2 protein chains.
Amino acid sequence: MEDGTFQSLGYCANTGVDDDVIQWDQRADCEVRQILDRIADKWSLLVISLLDKRSLRFTELRRAIDGISQRMLSRTLRHLERDGLVKRIVYPTVPPRVDYELTPMGATLHSTIHALVLWTEEHQNAIAAARAAYDERIAAEQEEVFGRPATAGYSGASPGRP
Amino acid sequence: MEDGTFQSLGYCANTGVDDDVIQWDQRADCEVRQILDRIADKWSLLVISLLDKRSLRFTELRRAIDGISQRMLSRTLRHLERDGLVKRIVYPTVPPRVDYELTPMGATLHSTIHALVLWTEEHQNAIAAARAAYDERIAAEQEEVFGRPATAGYSGASPGRP
DNA sequence: CGGTATCCCCTAAGATACTG
DNA sequence: CAGTATCTTAGGGGATACCG
């Protein structure tokens, strides 16, 4: 085993629900966090979405995702398998063949995830615009602080270390 | 600046959509990844869900989340603000007061996220069961490797490595 | 109060190499 | 082909101290 099964989840002790602000945020977060972190990690989404179309072999997945390393694909698949989202089917043929497919539960997750993906696709332009606006606003505020950067006069008084 | 605005997103170059497997996985992933990574990071979800109920001040958020550090709350809020999901309102009063509230876009994101949270809550038992089953199966396979298979007794040779 | 700047640790992800 | 084992590194995230 390379890494532990659990990592952080330290603040999960349901500190006090008296506060009217807290609802599922703290409580459900204990379980939601780890599951969300798992399915929303760098690769799981990709794998799930690919497998939703049809079952795939290890190498097919690797080539389809292409940025992924063997290591991460392997780990991701094992995680998904452990969570019951993906089924691993081994054919004991001479060149080994392993197929991966979504379980029914995995398929339901895909639907939910897809909604999130759609949201992202629908709003990515708005987000990009918001980012641009924000960056510009910040840059403008920097101008005020430094004085007019007529020639981008950056007085390099390195604040370095004391 | 402590950290760059972009980090990875290296494999985004839309390698080749000829493959029938790829659809939004690679293309949309370029945008989806960064946005998903943002909203699924350790704290953003909490903040969004809290703000969905009503606008809150910095300290209110800090106390509501309670496990969060100033640093991370500040960073999280700035990220969300930059993405246009959260609005920051500064009151120039003598003790400074800053309110945060969801933008309309942030509210729509919350709805989508909520669906995912609901999925998680609905399936957490199934996932826990799947994990237990998986772990048990793996343990059984370990037996085969280390001791004698199922027929004979369980040679309790601790399989653990030092 | 509402932040930012610094330091530091720890782990998750990448690269590489080896095996059944 | 389908993985594991090992090494290394970037950066996420906490603690602390200080500024407007």
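First the proteins, then the strands, lettered A, B, ... as listed; each starts at 1. On a predicted model such as this, the values are computed, not experimentally measured, just so you know.
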Assuming nearest nucleotide by heavy-atom distance, tell me which of B/Ile68 and A/Arg97 is located more 5' along DNA chain D.
A/Arg97
May I ask you to evaluate whether [X] reaches the phosphate of [N], defined as a side-chain N or O under 4.0 Å from OP1 or OP2?
X        : N      : result
B/Arg57  : C/dC1  : no
A/Trp43  : C/dA12 : no
B/Tyr100 : C/dG3  : yes
B/Ser74  : C/dG3  : no

Is it the case that A/Asp41 and A/Ser44 place a side-chain donor and acceptor less than 3.5 Å from each other?
yes
Charged N to carboxylate O below 4.0 Å: is that the case for A/Arg137 and B/Glu81?
yes
Whole angstrom value for the distance that separates C1' of D/dC1 from CG of A/Leu61:
13 Å
For a quick check of understanding: with a heavy-atom distance under 4.0 Å over all strands, which category does A/Arg62 fall into, base, sugar-phosphate or nothing?
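Answer is nothing: A/Arg62 stays at 4.0 Å or more from every strand.
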How would you label the contact of B/Tyr91 with the nucleic acid (heavy atoms, under 4.0 Å): base, sugar-phosphate, or nothing?
nothing
Mind listing the N/O atom pairs, protein and nucleotides 16-20 of chain C, below 3.5 Å?
{"unit_1": "C/dA17", "atom_1": "N6", "unit_2": "A/Gln70", "atom_2": "OE1", "d": "3.4"}

So what is the end-to-end bend of the helix from C/dC1-D/dG20 to C/dG20-D/dC1, with 5 pairs used at each end and the value given to 10 degrees?
40°
Residues 108-118 of chain B vs salt bridge (charged side-chain N to carboxylate O under 4.0 Å, His left out), sequence neighbours excluded, gives none
Using the salt bridge (Lys or Arg N to Asp or Glu O under 4.0 Å) criterion, which residues pair with A/Arg97? Sequence neighbours excluded.
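A/Arg97 satisfies salt bridge (Lys or Arg N to Asp or Glu O under 4.0 Å) with A/Asp99 once adjacent residues are dropped.
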Mind checking what makes side-chain hydrogen bond (donor to acceptor under 3.5 Å, both in side chains) contact with A/Thr59, not counting sequence neighbours?
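Not a single residue meets the side-chain hydrogen bond (donor to acceptor under 3.5 Å, both in side chains) criterion with A/Thr59.
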Set of side-chain hydrogen bond (donor to acceptor under 3.5 Å, both in side chains) partners for A/Thr112, sequence neighbours left out
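So A/Thr112 forms no side-chain hydrogen bond (donor to acceptor under 3.5 Å, both in side chains) with any residue.
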A/Tyr134 and B/Arg78, any side-chain heavy atoms less than 4.5 Å apart
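When only atoms from C-beta onward are counted, A/Tyr134 and B/Arg78 do touch, with a gap below 4.5 Å.
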